[in-house]
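First up is the structure itself, then whatever we jot down about it.
Residue numbers run from 1 in the order of the sequence given. Any value given below was found using the heavy atoms of this structure, including those in side chains, with hydrogens, waters and symmetry copies removed.
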Amino acid sequence: MATDPGPGSSRLRRFLSSVLLLPLCACAAGPMAVPTAAPGDEAAYAALYPYYAEICAVSQLGKKPGFGAEISSGIGGHAVLYLNGVCRKQDIEYPVLALCDELPKPTADGVGLSVNAHYANANWVAIEGRDFFFEGGLAPDRPLTRDAYRRVLAEAEAKGIYKNIAFHDVTYEDVPAGFTRESFKYEISVATDFAIAFGRNRYCGKVPLSRPQMAGIVRYLDALNEPYRTGEAVFDWNLFTHNCAHMNHNALAIAGLWDEWAEDRFILWALFDFPVPKNEFVNLMRRTNDLPIDDPETLYRDTAARRMLLEQGRLPTEPGAIADLGGIIPENEVYDTKSEIIFYDEPITGSYQEWFDRILSEKRYLSLKDNLAYFATLYQRIERQQVPLDRYPPAQRMTAEERHDFAVFYEKYYTYIAQQSAETARNIAWLNSPPPSAHAL
């Protein structure tokens, strides 16, 4: 998932990464869909949802030869995370996060995070600014020339993204002439940790979060880096047990959307059950859009969904979770523009290619207006079909203990549906007639 299998990994791990994984995944690879930008306007989305996360699967990387370091990556791709409303603390020369509104002078709209096998004293690094993280700060339709590439790398180095971030020594074994160890960090990390669009297609799922959910994610991420920051541990990236997608999945587990994905599991188990970037994009879009929220019993049986409703008054499937897609800058002097990313398919439980095609073809996954309209209709239908608990057939088949617990859930469920219905109607009205400073999606 990172640019290489990881300088801290053993030879066995590297062998398994390159020989075992890719044949398993390649058998599931479908025709590549080159993404185009999803309909939408970032300012309006952030106005409605000031705190949101984007989990992104980004495609393989291929740098054209003859310019700087020669870099390529596997077709499993990479995974990155963007958190809107979160900033880096500026008084610490190491990536430490805080909610932007907690800082005296917020410096950005959000922060992008990337896990990379190069790092020795960090699990992740943080890049401030959504535009710089995804686009390198280049204006839309602007070509990526070699001069523009050099300017963006100089800007990244001026930002001090890797200040006090140590890379594994093996990273520097083949440094081309003209690079210092510090400048080489940026050369091998661009289009992986920042300026993603320079060399990778991206498939992101945007998920609205509450402020408490985002605060929990910030605490989790800071704690994740702490042992590497203090020198208590050395970061050792591992494709199967500790990769870039583990952190992203578990950040949203902290928010309550799904169960945690255990890291550092026994290798023979992990070989057949580990998070894959493109799978995670599909999983997130389905989890946030397709749970049967008109079926209280099914939600009750879903442990994570039940816990989220009872503790937070929310469900994993809610309005506002849409796909955000982006392609490699097409006029490109530095990177190959043909880039793939594959699934690790599960033939028993379903086809990721079919789910993926559906997500990219139905407007409710891509357009906020269509997404809100879908949920508004769904909530209205749920409210119309509500029946008292004593007439709800599944409750009549439960034991007395189950009925007691389910009764609490049932009441909270319909209170939640009424609240969501009203909030969705307000958001639709706002999008249809936004204030002058915003633009409807």
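Side-chain contact check for T180 and S183: at least one donor-acceptor pair (N or O, by modelled atom type) lies under 3.5 Å. The closest side-chain donor-acceptor pair between H78 and S59, if any, does not fall under 3.5 angstrom. With no hydrogens or angles considered, no side-chain donor-acceptor pair links N84 and Y49 at under 3.5 Å. A side-chain donor from one of R314 and Q213 sits under 3.5 Å from a side-chain acceptor of the other. In this structure, a donor-acceptor pair under 3.5 Å is absent between the side chains of Y379 and Q419. Side-chain contact, D324 with Y82: no donor N or O sits under 3.5 Å from an acceptor N or O. E128 and T107 share a side-chain donor-acceptor pair at under 3.5 Å.
For the pair K278 and Y203, the cation-pi criterion (under 6.0 Å, within 45° of the ring axis) is fulfilled. Seen from the ring of F132, K159 counts as a face-on cation partner, given the 6.0 Å and 45° thresholds. The cationic atom of K185 (NZ for Lys, CZ for Arg) lies less than 6.0 Å from the six-membered ring centre of F167 and within 45° of the ring axis.
Without hydrogens or angle criteria, D222 side chain to V96 main chain gives no donor-acceptor distance under 3.5 Å. Although no hydrogens or angles enter the test, the distance criterion places no donor-acceptor pair under 3.5 Å between the side chain of N332 and the main chain of P143. Distance alone, capped at 3.5 Å, is enough to place a donor-acceptor pair between the W258 side chain and the H249 backbone. Remark: side-chain polar atoms of Y45 are not paired, donor with acceptor, to backbone N or O of L368 under 3.5 angstrom.
For the salt bridge (Lys or Arg N to Asp or Glu O under 4.0 Å) condition, the pairs that include at least one residue of residues 204-221, sequence neighbours left out, are E42-K206, D101-R211, E102-R211. Applying the disulfide (SG to SG under 2.5 Å) test to pairs two or more places apart or on separate chains, those with a residue in residues 72-119 are C87-C100. For residues 169-229, the pairs satisfying disulfide (SG to SG under 2.5 Å) are C56-C204, with sequence neighbours left out.
For the salt bridge (Lys or Arg N to Asp or Glu O under 4.0 Å) with E135, the lone residue among R202, R130, R200 that qualifies is R202.
Shown here is Q312, whose CD atom has more than 12 heavy atoms of other residues, nucleotides or ligands within 6.0 Å. For CG of D91, the number of neighbouring non-hydrogen atoms (other residues, nucleotides, ligands) closer than 6.0 Å is greater than 12. Open room surrounds NZ on K89; 12 or fewer heavy atoms of other groups in view lie less than 6.0 Å from it.
N164 meets the side-chain contact (heavy atoms from CB on, under 4.5 Å) test with E93; sequence neighbours excluded. Among residues two or more places apart in sequence or in another chain, the side-chain contact (heavy atoms from CB on, under 4.5 Å) test is passed with A321 by P208, T288, N289.
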Inset, instruction - Kindly determine whether R286 and Y352 satisfy side chain to side chain contact (heavy atoms under 4.5 Å, CB included), including the steps that lead there. - result: CA-CA 11 Å; R286 298 183 71 227; Y352 272 92; over 6 Å; no
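Residues F134 and F194 place their aromatic rings such that the two centres sit no closer than 6.0 Å. Ring-centre distance between F235 and Y228: below the 6.0 Å cut-off.
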N/O donor-acceptor pairs under 3.5 Å from side chains in residues 148-158, not counting sequence neighbours:
| residue | atom | partner | partner atom | Å |
| --- | --- | --- | --- | --- |
| Y149 | OH | E187 | OE1 | 2.9 |
| Y149 | OH | E187 | OE2 | 3.4 |
| R150 | NH1 | D147 | OD1 | 2.9 |

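Using a 30° and 60° split on the angle between ring planes, Y172 and F184 fall in the tilted class, from 30° to 60°.
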